[in-house]
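Working notes, beginning with the structure itself.
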Amino acid sequence: MKTELEHLLRSAIAQALPNCSVSEIPLERPRQADHGDFATSIALQLAKANGLNPRQLAQSIKDSLPPSEIVESCDIAGPGFLNFKLRSAARFAVVSQVLDAPEQFGRHLAGSKGSIQVEFVSSNPTGPLHVGHGRGAAFGASLSNLLALAGWKVQREYYVNDAGRQMDILTVSTWLRYLEQHQILLEFPPNGYQGDYVGVMAQALSRKHGEAFVRTASDVLTGTPGLPLTSAALDDKAREAQTEAHMDALIHSAKQLLGAGWGIIHSEVLEDQISDCRADLEEFGVVFDCWFSEQSLYDSGRVAQVIARLQERGHLYLKDGAVWFKSSAFGDEKDRVVQRENGIYTYFASDIAYHDEKFSRGLDRILNVWGADHHGYIPRVKAALIALGHDANRLVVPLVQFVSLFRNGEKVQMSTRKGQFVTLRALREETGRDAARFFYVLRKSDQALDFDLSLATSESNDNPVYYVQYAHARVHSVLTRWGGDVQDLAKSDLGLLGTESEILLAQQIARFPEVVDQAALDLAPHSIAFYLKELAASFHSWYNSAPFIVSEQPELTRARLALAYSSAAVLRQGLSLLGVSAPNQM
RNA sequence: CUGCCCAUAGCUCAGCUGGAUAGAGCAACGGCCUUCUAAGCCGUAGGUCGCAGGUUCGACUCCUGCUGGGCAGGCCA
């Protein structure tokens, strides 16, 4: 409908202004009904560029419009707007379009926009996902679905940080709990992982390996500086430094004492965390095509190779014993270390390798969904890509802001440090998957989110999830009451429709493909959630305005049910983008 | 100190890459169930779009400055 109008306008403009090339024609659905079904300000824009009177230009565009089946009238209004009113048949044509192929509505040919990778969540596999990861998961999954519908070939990826110190700390933490369970008592380091899941993994180690990993306390502590005493005359900074040094020494000691056993514990702990994470996300309706291992970049030599390439291109230099990347030459605010004084690569080094690997896959676009606290990291990654000769504009990094939980109007206190964070699993258990998925995308992603648990769990009309789902359930309830064959609805006489609320609802339905396109362009799944609320509102309003089933008028009944059924189909389609179910009964 | 994000109705937030009289949900007030699910609908009221300039036919939208809040600035990840 919209594209047809665009064609009409394009041909009219070509005739009215033969020498003018028009790239894009803005067509909007006016808020006010008396401004028609569609309006365009194109005459205002072209008048400016060509030094013409806007209203006169609008008139000549109008006069040049080719005849059309769909246009009832075209009016010039205000300073030079062109307002189009559609014929009734054109307004309701969308109903048969939806009924003919519900799954195809709003869908572009798969891959027609190109290929895109969405990397999201990518949390360290060092503990359960919490509510912050949940937002990244809900956003990334919904965005991926949205992009797929809009015609992108989408690759969903989770980057597993399975190399590096954090994994070592988790491994040591598990081992220390294991030793505890075997009566080897050591003070548990405050910077170790405190959660209960660590003890659970330790028990699993005992079941599988018995006492194979038991060592004496004095052996374990050999070579460590010990933990700083709380009463010691050290300032906070020095105490923290010693705590970290103690952890590093513990890791070193554990590797020495355990030999091959270290690798066994490390890999079992990792496997445990990844499978737990995967299961958690699957229950949340979030599935990945690829779990990409950071460690694999080291194993394949990719990290060393990419650093060598930067070296060859002359973008590295030595300073204070470390290897620096000259990122400031490519837009970063300062240079960054890629290889430490001790020879170990930084996280940044493997990240360069990872992004280089991504860029070698031949994807048209690459999205990294990151927590907003990582925004300072973007310039250095782009700098590395540019330095390697890539087109860094292919990389886009949507940022996801923080989540605060509220229960009964009070903020739920969370602190990652003390291990007091609410897990995604706990949130799902409290609110259910549908409410959680919907609430997460109810806010623009770059805006901090206050998640109202009381509202999400309330079975009241305040709850937007139920509001939308209820509209869908009502349609199916009526269809059941009617009892006819749903397949017949496609053959209904839609000419019988035409009340104000019916027109409004049909317009809402017709808007879906436009909303999908725009939301995909903006990387904004929240637009889908807002649209669904509006679509549901239009439906509920119509539902209350008149009964659908009129026993003495079977044809009218059929036409109305066709409209109702197409509403339900679009609601289902939209909800599925967000990973929310569309129940037939509530 | 520097960079990024945010500021819209009493509250929580939309506002379609510059358009017509700035929208929705809560909360407030007044109505609608012997009829397809009231988890619903209809109506009333509520605004100097943080402040001050600038760009132009036209600004919530773009630019500059200011105020107020969030985040980030490691040889951590």
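Per chain, numbering begins at 1; letters A, B, ... match sequence-line order.
- Comparing atom distances between the Ala322(A) side chain and each of rC75(B), rC6(B), rA77(B) picks out rC75(B) as nearest.
- You'll find that the side chain of Asp373(A) is closest to rC71(B), out of rC71(B), rA77(B), rC75(B).
- Rounded to an integer number of Å, the gap from Leu146(A) CG to rC16(B) C1' is 14 Å.
- Among the heavy atoms of the strands lying under 4.0 Å from His526(A) are primed sugar atoms or P, OP1, OP2 only; no base atom is included.
- Residue ring and base: Phe81(A) counts as stacked with rA20(B) (centre distance below 5.5 Å, interplanar angle below 30°).
- We find that CZ of Phe438(A) is positioned 13 Å from P of rA14(B), with the value rounded to whole Å.
- Looking only at atom types and distance, the side chain of Asp335(A) has a donor-acceptor partner in the side chain of Ser328(A) under 3.5 Å away.
- Between Leu523(A) atom CG and rC16(B) atom P there is a gap of 15 Å when expressed in whole angstrom units.
- Going from atom CZ of Phe530(A) over to atom C1' of rG15(B) covers 10 Å, rounded to whole Å.
- Contact annotation: Arg474(A) side-chain N/O to rA38(B) OP1/OP2 distance is under 4.0 Å.
- Residue-to-nucleotide contacts include a donor-acceptor pair under 3.5 Å from the side chain of Glu28(A) to the base of rC16(B).
- Here the side chain of Tyr377(A) is nearest to one of rC75(B), rA77(B), rC36(B), namely rA77(B).
- In rC33(B) the base sits syn relative to the sugar, since the glycosidic angle is no further than 90° from 0.
- Cation-pi contact between Arg340(A) and Tyr345(A): absent, since separation from the ring centre below 6.0 Å together with deviation from the ring axis within 45° is not met.
- Ring geometry for Phe530(A) against His526(A) counts as perpendicular: the plane angle is over 60°, on a 0 to 90° scale with 30° as the lower cut.
- Judged by distance alone, with hydrogens and angles left aside, Asn83(A) brings a side-chain donor or acceptor within reach of the base of rA20(B), the pair sitting under 3.5 Å.
- Along RNA chain B, the nucleotide closest to Met586(A) and the one closest to Asp446(A) are compared, and the more 5′ of them pairs with Asp446(A).
- Distance, Leu504(A) CG to rC42(B) P: 10 Å, rounded to whole Å.
- Distances from the side chain of Thr346(A) to the nucleotides rC36(B), rA22(B), rC75(B) place rC75(B) closest.
- For Gln518(A), whose side chain is taken as the heavy atoms from C-beta onward, the closest listed nucleotide among rC36(B), rU17(B), rC71(B) is rU17(B).
- Salt-bridge formation is detected for the pair Glu119(A)/Lys358(A): a Lys NZ or Arg NE/NH1/NH2 atom is positioned less than 4.0 Å from an Asp or Glu carboxylate oxygen.
- One interatomic measurement links the two molecules: CG of Asp452(A) to P of rU12(B), which rounds to 12 Å at whole-angstrom precision.
- Between His375(A) atom NE2 and rG73(B) atom P the separation is 8 Å, expressed in whole Å.
- Following rounding to the nearest Å, Arg380(A) (CZ) and rA72(B) (C1') show an atom-to-atom distance of 10 Å.
- Proximity note for Tyr347(A) (side chain, C-beta onward) versus rC36(B), rA77(B), rU12(B): the nearest is rA77(B).
- Along RNA chain B, the nucleotide nearest Lys334(A) and the nucleotide nearest Lys444(A) are compared for position; the residue whose nucleotide lies closer to the 5' end is Lys444(A).
- Nearest nucleotide to the Ser41(A) side chain, out of rG15(B), rG19(B), rA72(B): rG19(B).
- Using a 4.0 Å heavy-atom criterion, one finds that His540(A) contacts the sugar-phosphate atoms exclusively.
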Problem - Test log, rule side-chain contact (heavy atoms from CB on, under 4.5 Å), inputs Gln401(A) and Arg135(A) - result: CA-CA 9 Å; Gln401(A) 285 282 358; Arg135(A) 188 176 188 188; 3.8 Å; yes
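- If you check rC42(B), rC36(B), rU17(B) against the side chain of Ser541(A), the one that comes closest is rC42(B).
- Ring geometry for Phe325(A) against Phe348(A) counts as tilted: the plane angle lies between 30° and 60°, on a 0 to 90° scale.
- Side-chain proximity of Asn161(A) to the nucleotides rG73(B), rA77(B), rG15(B) is greatest for rA77(B).
- The side chain of Gln447(A) approaches rC6(B) more closely than any other nucleotide in the set rC6(B), rA39(B), rU12(B).
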